[in-house]
Engineer: 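Pasting a structure here, questions to come.
Here is the naming used below: chain letters follow the sequence lines, and residue numbers restart at 1 for every chain. What you see below is based on every heavy atom in this structure, not just the backbone, and it leaves out hydrogens, waters and symmetry mates.
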2 protein chains.
Amino acid sequence: MTRDDLHRSAEARLADHEQRYTPNRRAIVETLAARANPVTLPELLRLRPDLTQSSTYRNLTALQDAEVVRRIVGGGEHAHFELDEHLTAHHHHLVCVQCGSILDVTLDPRLERRLDRTFDDVAVQHGFDLDGHSIELFGRCATCRG
Amino acid sequence: MTRDDLHRSAEARLADHEQRYTPNRRAIVETLAARANPVTLPELLRLRPDLTQSSTYRNLTALQDAEVVRRIVGGGEHAHFELDEHLTAHHHHLVCVQCGSILDVTLDPRLERRLDRTFDDVAVQHGFDLDGHSIELFGRCATCRG
DNA sequence: TTGCTTGCAAATGATTTGCACTGCT
DNA sequence: AGCAGTGCAAATCATTTGCAAGCAA
């Protein structure tokens with residue numbers, strides 16, 4: 001998906017939720033797309049000093065509701081944010097338990113398909129209406145291992 | 001593992017970290033063992049009104065450090081706590097995106113073995129020293145589906 | 001008596017919100 | 001005009017911490 005497609009998709013998703021694709025929101029999407037990995041709010045503000053903290057939190061919430069952005073908790077103090085899988089590819093996370101950084105990883109598509117089938121079965125057994133799944137691998141990153 | 005074994009293991013793990021197995025800590029372990037699913041701190045305090053908030057947070061931290069308890073983030077406002085897999089069986093979580101409740105689930109051991117191998121490979125490729133993994137399935141629970 | 005634990009109250013810090021203002025539409 | 005979006009400052013709330021007292025080795 002090109003950068004233009006990305007913005008068009010983001011705009012369309014926001015429109016579905018009666019939200020505008022403002023310059024600030026575009027800046028957030030642009031920045032998340034430029035980074036390979038999930039970023040925290042402080043990182044986002046450092047990359048885009050023109051953005052404000054409270055409005056960025058608000059915009060991230062709007063973008064989440066529109067399924068443009070996904071919030072990831074568990075990697076350190078701050079939540080991490082990344083583009084939703086609607087706009088990128090399905091992937092999982094390698095989380096450093098020491099520094100909290102998060103790396104994207106993908107699995108073999110055949111394995112993913114098998115997992116999907118298994119997870120569907122599990123959900124049905126428990127009466128759940130399944131939305132999706134996430135896999136996190138925990139460890140120490142190359143940098144923290146020293 | 002019997003309830004006595006559980007407490008002995010907990011005590012041994014705490015001892016390895018030069019920590020005592022106090023009545024409060026025993027109460028926490030006892031309560032987590034009695035519940036099938038991960039609980040939040042408010043739930044824990046409701047189940048055991050004799051426990052204090054701050055000390056319980058401190059004790060949960062000590063129990064975490066000793067790998068007796070595991071903290072799970074992402075299921076609603078509060079963190080959830082459960083006995084560490086050292087004391088129970090390897091399992092994953094079915095998280096209700098609406099009410100935040102968490103259910104334990106297990107996967108077929110063959111699938112788990114395949115996942116372990118795959119995850120090891122992925123970690124090596126990224127220079128990570130792998131500790132473990134977690135899988136969360138997101139959806140709406142039977143109750144919230146109405 | 002030395003030091004881990006505890007309970008209370010106060011602090012911390014990420015995230016949220018109130019409010020007035022700006023700028024689309 | 002009407003209302004979504006913004007920025008600032010203040011509030012919220014789960015979690016953490018300071019401190020004085022309790023208790024075990």
Engineer: In whole Å, what is the span from the CD atom of A/Glu77 to the P atom of C/dT15?
Structural biologist: 10 Å
Engineer: Counting side-chain heavy atoms from CB outward, which of C/dT15, C/dC4, D/dT16 is closest to A/Ala79?
Structural biologist: C/dT15
Engineer: Do you know which of B/His7, B/Glu11, B/Arg26 makes side-chain hydrogen bond (donor to acceptor under 3.5 Å, both in side chains) with B/Tyr21?
Structural biologist: B/His7
Engineer: Decide whether A/Val29 and A/Tyr57 are clustered together by the hydrophobic rule: side chain heavy atoms of Ile, Leu, Val, Met, Phe, Trp, Tyr closer than 4.5 Å, transitively.
Structural biologist: yes
Engineer: Within the pair A/Ser55 and D/dG7, is there a side-chain N or O less than 4.0 Å away from OP1 or OP2?
Structural biologist: yes
Engineer: D/dT16 phosphate, OP1 or OP2: any side-chain N/O from B/Tyr57 under 4.0 angstrom?
Structural biologist: no
Engineer: Look at B/Arg58 and C/dT6 and indicate whether a side-chain polar atom (N or O) is within less than 4.0 Å of OP1 or OP2.
Structural biologist: no
Engineer: A/Asn59 side chain N/O closer than 4.0 Å to the phosphate oxygens (OP1, OP2) of D/dT6?
Structural biologist: yes
Engineer: Could you tell me which non-hydrogen atom of A/Arg25 sits nearest to which non-hydrogen atom of A/Leu14, and how far apart they are?
Structural biologist: CD-CD1, 4.3 Å
Engineer: Can you measure B/His78 atom NE2 to D/dT16 atom P for me and round it to whole angstrom units?
Structural biologist: 12 Å
Engineer: Nearest whole Å is fine: how far is D/dT15 P from B/Glu43 CD?
Structural biologist: 12 Å
Engineer: Any idea which of D/dG7, D/dA14, C/dT16 is nearest the A/Thr52 side chain?
Structural biologist: D/dG7
Engineer: When you measure from the side chain of A/Thr2 to the backbone N and O of A/Asp5, does any donor-acceptor pair fall under 3.5 Å?
Structural biologist: yes
Engineer: 5'-most contact on DNA chain C: B/Glu18 or A/Pro42, nearest heavy atom basis?
Structural biologist: B/Glu18
Engineer: Please state how far atom CG in A/Leu45 lies from atom P in C/dG13, giving the value in whole angstrom units.
Structural biologist: 17 Å
Engineer: Could you state the atom-to-atom distance from CG of A/Leu41 to P of C/dG13 in whole Å?
Structural biologist: 16 Å
Engineer: Where the side chain of A/Gln53 is concerned, which of D/dA9, C/dT15, D/dT17 is the nearest nucleotide?
Structural biologist: C/dT15
Engineer: For C/dC24, does the base pair up with any side-chain atom of A/Thr22 as donor and acceptor (N or O, under 3.5 Å, distance only)?
Structural biologist: no
Engineer: Taking only N and O in the side chain of B/Arg20, is any of them less than 4.0 Å away from OP1 or OP2 of C/dT5?
Structural biologist: no
Engineer: For residues A/Ser134 and A/Glu136, is any side-chain donor paired with an opposing acceptor at under 3.5 Å?
Structural biologist: yes
Engineer: Should B/Asn24 be listed as having a side-chain N or O under 4.0 Å from OP1 or OP2 of C/dT5?
Structural biologist: no
Engineer: Please confirm whether the backbone N or O of A/Leu137 pairs with a side-chain atom of B/His133, one donor and one acceptor, at under 3.5 Å?
Structural biologist: no
Engineer: Let's see if you can work this out: which of D/dG5, C/dG7, C/dT16 has an atom nearest to the side-chain heavy atoms of A/Thr61?
Structural biologist: C/dT16
Engineer: Tell me: NE2 of B/His17 to P of C/dC4, nearest whole Å?
Structural biologist: 15 Å
Engineer: Just how far, in rounded Å, is P of D/dA24 from CZ of B/Arg25?
Structural biologist: 14 Å
Engineer: Would you mind reading off the distance between B/Phe81 atom CZ and D/dA14 atom P, rounded to a whole angstrom?
Structural biologist: 13 Å
Engineer: Side chain of B/Gln19 only, heavy atoms from C-beta on: which candidate in C/dG23, D/dT16, C/dT5 is closest?
Structural biologist: C/dT5
